[in-house]
Protein chains: 2
Amino acid sequence: MGTDNPEREKRILDAASDLFAHYGYDKTTVSDIARAAGVSKGAIYLHFESKDALFEGLLIREMEQYGQKWVERVMADPDGGSIATMYKQTLYAWTESPFMAAMFKQDRRVFGNYLRKPDNFFRRLEGGRGQSTRHEFIALMQAAGAVRTDISAQVIAHVMNILAYGLVAMDDVIDAEQIPETEALIEGMGLLMEQALAPPGGGNQEAAKQIIEQLVAGVQQQFTALREEESESK
Amino acid sequence: MGTDNPEREKRILDAASDLFAHYGYDKTTVSDIARAAGVSKGAIYLHFESKDALFEGLLIREMEQYGQKWVERVMADPDGGSIATMYKQTLYAWTESPFMAAMFKQDRRVFGNYLRKPDNFFRRLEGGRGQSTRHEFIALMQAAGAVRTDISAQVIAHVMNILAYGLVAMDDVIDAEQIPETEALIEGMGLLMEQALAPPGGGNQEAAKQIIEQLVAGVQQQFTALREEESESK
DNA sequence: ATTTGACCAGATTTGTAATTTTGGTCAAAT
DNA sequence: ATTTGACCAAAATTACAAATCTGGTCAAAT
C-alpha cells in the first residue's frame, strides 16, 4: 500500500500469522497484532486498508509459500515424474502449512466470522477458475497413458481430494491416538495411489514427467496473477 | 421396557427417526414424537426411560439395520470374496443409512447437545472394543496373503476410514455440484482400492473369502451382544 | 514525512429478569 | 390394566439495557 517498508510489513504479517492461527480471526484484534509486531496500530493501516485486507494478505502470503514449497519439493524429488510422488509432495507441503490446512477445512475455529462475509476470499476464488484444476490434470495424465482410464478423472480427483482432506481433518472426528503418524500416512497414501492409478500395462513415465513440469510452470504463473489481482483490489 | 407392544414401539421409533433426522436432537421434543407417532406422551415413557434412552434405542436400531444390510449385501455379492467388493458394499450400505452417515460425521446439526453429555452412546462405545476392528481385519488379510504387506494395517485401515468419511462428509466442505455422483464414486473407490491393495503376485482369493465370511459371522454376533448390553442399561 | 495512540461511533458482550418450552410424572379416564 | 394429557419444576430462550470492546481515524508528536 501507501508505505514502502517491507521489513515492517513482514513483522506485521508474522505477528498476525501467530495470533490468527492461535486465537482465530474473531478473537484477534488489530491492537493485539500491533502490540505483538511492536508497531503502533496506525502503522498497520499504513500497510493494509482494513483488518480484512490484512487477513487476506496473510492468506495470499501463505498460499504463495505453500505453492513455492510445493514447487521446490516436486522439482527436488528424484522420482518426481510419477503422479504418486508428486501427490506425496503435495500432501507434505500441505501438512507443513497449518494455515493451508485450516483453509481447506474451512476451520471455523480459525476463520470465525470472516467466513460469513459475503465477498470473502474463498467466494471470490471459486468465482474465477474453479477447483477444477486437479481433475483437468488427471485427464491430461490419462490422455498421456500415465493413469488408468477406466475411472473418470473427476472421480479420481475427488478421491485424491478426500484423502488430502482426511489427512488434515480426521482429527476432528476420531481421537488423535487412533490416527497413524503423518509421515507413515503420507507414504502409505503415495504407495497406494501409485498402484491404484497405474494403467494396465504400467504407466508412461516420460509423458507424465512432462505434464508435471508443465503443471509446475502453470502454478507459478497462477500465483503471479493472484498477487496482481490483489494489489488492485479494495 | 415395562410394556409389551412392539408395534407401538416401532411406530414411536419410526416417528422419532424422521423427526431426529430432519430437525435434530435439540429441536425434536418428546411431544413432537408422540404427536407424529399418534400416541400420548405418557406412552413413550412406557417404552423408554427417557428421551436419551429413546434416542439411543434409535441409534441401536439403525446400527442393527445397517449391519444387517451390510451382511446381506456382502453375502449376495457374486464376487464377495475380494476386499474391494466387500469395501464397496460397506460404502453402499453406509450411504443408504442417513443416520449412520450422521453418526460417523458426528453431525452437530443432527446430534446437537446430545454429544455434550458425559456418558453418551459414542463415549460408551469407544470405551469398550475400539474402532480397531477394521485394522485387525486388514492384518488378517495381510497374513493370508490377500493384501500387500509393505504398508501397515493401521495405515490401510485409516485410509479406508478417510474415504468412507469423505464419501458422506465432503459436501460440508465443497459445494455439491463439484462432487461426482455417489454410485460412480463408490465404484471408483472399489476399483482403486482393489488395485491399490493387491499384493505383488495377485491376491489369494480363497483365503480372503474365508476371512470375510468369518468377519460377517463376527459382526452378527457383535450386534446380539450390543442389544443385550442395552436392555440392561439405565 | 512519518508515525503514533487517544479518541469515537458502532458493534459485541455481559448481566439479568421475564417468558416460554421441555422432559418427565401421575391422578384420572378408559 | 392400560393409557392419557394436564400439570410441574427445571431448563432454555428471549428481551433489553448497561458495560465493554474494536476497527478505524486524525490531530499532534517526532
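Quick note on labels: first sequence line is chain A, next is B, and so on, each numbered from 1.
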List for me each residue that meets ring pair (Phe, Tyr, Trp, His ring centres under 6.0 Å) alongside [X], sequence neighbours excluded, and say none if there are none.
X	result
A/Phe99	none
B/Tyr165	B/Phe104
B/Tyr87	none
B/Phe20	B/Phe55

Between protein and nucleotides 19-25 of chain C, map the contacts as a letter string: B base, S sugar-phosphate only, - none, heavy atoms under 4.0 Å, written 5' to 3'. ---SBBB
Whole angstrom is fine here: how far is it from [atom1] in [X] over to [atom2] in [N]?
X	N	atom1	atom2	answer
A/Glu7	C/dT3	CD	C1'	15 Å
B/Leu46	D/dA1	CG	C1'	11 Å
B/Ile44	D/dT2	CD1	C1'	16 Å
A/Arg35	C/dT4	CZ	P	15 Å
A/Asn5	C/dA1	CG	C1'	13 Å

Restricting to side-chain contact (heavy atoms from CB on, under 4.5 Å), what partner residues turn up for A/Glu213, sequence neighbours left out?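 If we apply the side-chain contact (heavy atoms from CB on, under 4.5 Å) test to A/Glu213, skipping adjacent residues, the hits are A/Lys209.
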Please tabulate, for side-chain N and O atoms in residues 33-44 of chain A, each donor-acceptor pair with protein atoms closer than 3.5 Å (sequence neighbours left out).
residue, atom, partner, partner atom, Å
A/Ser40, OG, A/Ala43, N, 3.2

Only Watson-Crick and G-U wobble pairs with both distances less than 3.5 Å should count. Give DNA chain C in dot-bracket notation, marking inter-strand partners with |. ||||||||||||||||||||||||||||||
So, using side-chain hydrogen bond (donor to acceptor under 3.5 Å, both in side chains) as the criterion, who are the partners of B/Thr90 when residues are at least two apart?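 Per chain and number, B/Thr90 pairs via side-chain hydrogen bond (donor to acceptor under 3.5 Å, both in side chains) with B/Trp70.
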When we call it a touch if two heavy atoms are under 4.0 Å apart, what does A/Arg8 touch: a base, just sugar-phosphate, or nothing?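 If one applies the 4.0 Å heavy-atom cut-off, A/Arg8 turns out to touch the sugar-phosphate alone, with no base involved.
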Give a yes-or-no answer on whether the side chains of B/Thr29 and B/Asp32 include a donor-acceptor pair shorter than 3.5 Å.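 Yes, because at least one side-chain N or O of B/Thr29 sits under 3.5 Å from a partner of the opposite role on B/Asp32.
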